[in-house]
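The structure appears below as structure tokens.
Start at 1 and go down the list; that is how both ligands and their atoms are numbered.
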Amino acid sequence: MSGSLFVVATPIGNLEDMTYRAVRILQEVALIAAEDTRHSRKLLDHYAIKTALISYHEHNETARAEQLLARLQQGESLALISDAGTPCIADPGYRLVSRCRAAGVQVVAVPGPSALVAALSIAGLPTDAFRFVGFLPAKSHGRRLLLEQFNAERQTVACYETPHRLQAALRDIVEICGADRQLSIARELTKRHEELFAGTAAEALAHFSTDRVRGELVLLLGPAALRKPEGTVRDALTRWHEETDLSWKQIVKQVAKEFGLPGSEVYRESLELRDKE
Ligand code: SAM
């Protein structure tokens, strides 16, 4: 009988975000595959987990996946972790997981933190559906081509970005997606200097241009239709209705948030509009 591969999420900054189950699984498996063994040893020491570590990173993924698969097929259970958050989410792991699945080895998720979900959960942008694009391209040309696509985007777009590229990315966003595009930037989540910025692209550029930006961050762009309130509530209702696939209920919620009005007031306005249709 093969062992199981446990894909285990670990904290994105705050060590208390480890789950009980994650600790138990990491104690019980024969071996833990980690991106950076020295980095992960600190986490394991904190929880007195003595299990051996082996490196598994983007430069040895292919060869290592075969070695780990062989051990799983011999009956050992293994865990996969990354430096922070959920493995395979903009992190190594895909190759090992797909090899295991193809070979009929059981792959088990041990869910927990992910910067992507944590940022979405506190940003105040629509999240019924969203698009995740991983890291924005490092070079301006590639970045700008991708940003063009976001001009027709009806969902919130989530990206990872490095602090030293944030200002350049924001300049491109202002130019291509518009100075009034709503966005949020979640920085240093779960850590001492946690910050959630919410505003327009132009406001973000002003906010992050004074200092050298530090720490890790997630950049969230609101749907293209979500702009600073302008015109009347009725204009906004019409724009959301024409430019998105959202239901009237979702539109009313969104417009009420945009204008800071009670939902009932916006709902009444939407009924008049719908009657006319
Ligand atoms: N697999 C990880 C996850 O599930 O969150 C993401 C790995 S990716 C290589 C690392 C990126 O995630 C960082 O560059 C940053 O964009 C984001 N990130 C990680 N930790 C974060 C934190 N505490 N606050 C904000 N963003 C974070």
> Distance only, no hydrogens: is a donor on one side chain within 3.5 Å (strictly under) of an acceptor on the other, for R24 and Q27?
Replying inline: no
> Can you check whether I89 has an N/O within less than 3.5 Å of an N/O in ligand 1?
Replying inline: yes
>> What I'd like to find out is whether the side chain of P126 reaches to under 4.5 Å of the side chain of P223, using heavy atoms alone.
In response: yes
>> Any non-hydrogen side-chain atom of V105 less than 4.5 Å from a side-chain atom of Q73?
In response: yes
> Relative to the heavy atoms of T86, which atoms of ligand 1 are at a distance of less than 4.0 Å?
Replying inline: 1 (N), 3 (C), 4 (O)
>> Closer than 4.0 Å to some heavy atom of V218 - which atoms of ligand 1 meet that?
In response: 26 (N)
>> If you count every heavy atom of other residues, nucleotides or ligands that lies below 6.0 Å from K191 atom NZ, does the total exceed 12?
In response: yes
>> If only side-chain N and O atoms count, and only distance matters, is there a donor-acceptor pair under 3.5 Å linking D91 with S82?
In response: yes
>> Among all the protein's non-hydrogen atoms, which is closest to atom 7 (C) of ligand 1, and how far away is it?
In response: D91 OD2, 3.3 Å
>> Within the 4.5 Å heavy-atom criterion, are V255 and W240 side-chain neighbours or not?
In response: yes
>> Show the atoms of ligand 1 that are less than 4.0 angstrom away from any heavy atom in G85.
In response: 3 (C), 4 (O)
>> Checking a contact table here: which protein heavy atom is nearest atom 24 (N) of ligand 1, and how many Å away?
In response: L189 N, 2.9 Å
>> For A9, is there any backbone N or O sitting under 3.5 Å from a side-chain donor or acceptor partner on T86?
In response: no
> Contact between A186 and ligand 1, counting heavy atoms under 4.0 Å?
Replying inline: yes
>> Under a 3.5 Å threshold, yes or no: a donor from one side chain and an acceptor from the other, between D36 and S55?
In response: no
> Counting each atom of ligand 1 from 1 as listed, which ones have a heavy atom of E161 under 4.0 Å away?
Replying inline: 16 (O)
>> At under 4.0 Å between heavy atoms, is it the side chain or the backbone of A119 that contacts ligand 1, or both, or neither?
In response: neither
> Considering only heavy atoms of A90, which atoms of ligand 1 have at least one such atom less than 4.0 Å away?
Replying inline: 7 (C), 8 (S), 9 (C)
> When only distance counts, is T190 in polar contact with ligand 1, meaning an N/O pair under 3.5 Å?
Replying inline: no
> With a 4.5 Å heavy-atom cut-off, do E195 and E188 have their side chains touching?
Replying inline: no
> How far is atom 18 (N) of ligand 1 from its nearest protein heavy atom, and which residue and atom name does that atom have?
Replying inline: A115 CB, 3.4 Å
> Which of the atoms in ligand 1, numbered in the order shown and given with their element, are less than 4.0 Å from a heavy-atom of K191?
Replying inline: 23 (N)
>> What protein heavy atom lies closest to atom 15 (C) of ligand 1? Include the residue and the distance to one decimal.
In response: L217 O, 3.4 Å
> Looking at atom 10 (C) of ligand 1, what's its closest protein heavy atom, distance included?
Replying inline: F135 CZ, 3.9 Å
> Applying a strict 4.0 Å limit to heavy atoms, is E194 in contact with ligand 1?
Replying inline: no
>> Below the 3.5 angstrom mark, is there an N/O of E216, backbone or side chain, next to an N/O of ligand 1?
In response: yes
> To the nearest 0.1 Å, how far is atom 2 (C) of ligand 1 from its closest protein heavy atom, and which atom is that?
Replying inline: A84 O, 3.3 Å
> Are a donor atom and an acceptor atom from the side chains of E35 and Y56 found within less than 3.5 Å of each other?
Replying inline: no
> Between E153 and L221, is a side-chain contact (heavy atoms from CB on, under 4.5 Å) present by the stated rule, with each step listed?
Replying inline: CA-CA 9 Å; E153 189 57 66; L221 278 182; over 6 Å; no
